[in-house]
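To keep things clear, I will list the structure first and then write my remarks on it.
Ligands are counted one by one from 1 in listed order, and the atoms in each one are counted from 1 as well. Counting begins at 1 with the first residue of the sequence.
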Amino acid sequence: MSAGRFDDHPFIRACRCQPHDRVPVWFMRQAGRSLPEYRAIRGEGTILDAIADPDLSTEITLQPVRRYGVDAAILYSDIVVPAHAVGFGLTVTPGVGPEVEHPFRSAADLDRLRPLDPEADTPYVLETVRQLVTELDVPLIGFAGAPFTVASYLIEGRPSRDYANTKRLMFTDETLWHALMERLADMAITSLRSQIDNGASAIQLFDSWAGALSPPQYERYVLPHSSRVLAGVADTGVPRIHFGVTTGELLELIRDAGADVVGVDWRVPLDRARARVGDEVALQGNLDPTMVLAGVDAALEGTRDVLARNAGHPGHVFNLGHGVMPAVDPDVLSAVVEVVHREGTVN
Ligand code: CP3
């Protein structure tokens, strides 16, 4: 199977550990937040309103591609869009994140998570994807939230530090836990497949908060479900990236879940991540986002360190170790892209 017209693009080739001529780079959270041109058009209302407007979402997705010359676009959407679209009852509060009025508590709440019908429930997402693939000359990355990370929002009701309610449900009612994870996995598969069907060339599964779990916990409560999501899009042939934060101890398991590309946060030096996952899988990362915030000197020193630690392995997609912070100077990111393209080497 193929990713279509971008099969020879450095980003797609790097995801597949195939030789190519330059290290590809894109940034998590490159769309929105720090760009003045984003703030100029974003408008009032929540991000969910902006996502429901395909012309606006298309433009926001294109802005960082134009400005930075990155090698991939990430769809402007959010991991909570499918749950919102089936009527779970959530909003995304600016500066806070997703908030749920009635958090998930019991088996009765499963009824609030009916199957997603992407054409009917999220037509605006698919329209945005279709518009983007006609305008982009780099691959479009579609994405979904992994079951654990989406569950953490539905159960906690707001961003959390310790995921105490989520883990309590996991440990006290394993049957309900797995039932919830199955619904969220189905939702992720359906959403990802609809993005791929409409032209996305790669996908990323965001399990941002999986690092809250120990390896045995991850293996028992989360891995089977994330693994099913990744397997559920395998036949499409598009590269699959699997990312979480504070996952140093989980990297082997995240690889075992079945991704083509393992996202690495900044806490694990890239050479150490490579030693953990082996040579057969690509790595994505992992410049510390605060080095970008610190200015051009720190950012470029960090960039060169990441490139050196990758040591020319063809399976490397340069990225930050997590998202772009709102206060960064966009010119620093432009300088990072230039150095990755100029100095990055592929064996
Ligand atoms: O640039 C991109 O990465 C593309 C768009 C994107 C958004 N959210 C837009 C957004 C993507 C890929 C996401 C995924 C997402 N959403 C994740 C996984 C990635 C990660 O950062 O770990 C998570 C955990 C969420 C949940 C979420 N949504 C959070 C934690 C927040 C932050 C709140 C804030 O204001 O900082 C949001 C809101 C959100 N999603 C914003 C954007 C641009 C900011 C709010 C806005 O512009 O109104």
Inset, instruction - Give the residue and atom name of whichever protein heavy atom lies nearest to atom 10 (C) of ligand 1, and the separation in Å to one decimal. - result: I47 CD1, 3.1 Å
Legend entry - Residue, atom name and distance, where the atom is the protein heavy atom closest to atom 35 (O) of ligand 1: G95 N, 3.0 Å
Legend entry - Part of Y38 within contact of ligand 1 (heavy atoms, under 4.0 Å): side chain
Inset, instruction - Would you mind checking which non-hydrogen protein atom is closest to atom 4 (C) of ligand 1, with the distance to 0.1 Å? - result: L75 O, 3.4 Å
Legend entry - Min N/O separation W209 to ligand 1 under 3.5 Å: no
Legend entry - Between E174 and H178: side-chain donor-acceptor atoms closer than 3.5 Å: yes
Inset, instruction - If you have a sec, work out which protein heavy atom is nearest atom 14 (C) of ligand 1 and how many Å separate them, to one decimal? - result: I79 CG2, 3.7 Å
Inset, instruction - Measure the distances from the heavy atoms of T61 to every atom of ligand 1 and state whether one is below 4.0 angstrom. - result: no
Inset, instruction - Would you kindly say whether E156 and T166 are connected by a side-chain donor-acceptor distance under 3.5 Å? - result: yes
Legend entry - H341 and D71 side chains, donor-acceptor separation under 3.5 Å: yes
Inset, instruction - State whether the shortest distance between N or O atoms of T149 and N or O atoms of ligand 1 falls below 3.5 angstrom. - result: no
Legend entry - atom 43 (C) of ligand 1: the protein heavy-atom neighbour that sits closest, reported with distance to 0.1 Å: R33 NH1, 3.4 Å
Legend entry - Identity and distance of the protein heavy atom lying nearest atom 21 (O) of ligand 1: R29 NH2, 2.6 Å
Inset, instruction - May I ask you to check whether E338 and S334 show a side-chain donor-acceptor distance below 3.5 Å? - result: no
Legend entry - ligand 1 contact on S77 by region, counting heavy-atom pairs under 4.0 Å: backbone
Inset, instruction - Starting from atom 37 (C) of ligand 1, find the nearest protein heavy-atom neighbour and note its residue, name and distance. - result: D78 OD1, 3.6 Å
Inset, instruction - Using non-hydrogen atoms of the residue, decide whether Y153 is closer than 4.0 angstrom to ligand 1. - result: yes
Inset, instruction - Establish, yes or no, whether a centroid distance under 6.0 Å links the rings of F143 and F206. - result: yes
Inset, instruction - Could you tell me which atoms of ligand 1, counted from 1 in the order shown, lie closer than 4.0 angstrom to a heavy atom of F206? - result: 12 (C), 18 (C), 19 (C)
Inset, instruction - Taking the six-membered ring for Trp and the full ring for Phe, Tyr or His, determine whether the centres of H20 and H9 are under 6.0 Å apart. - result: no
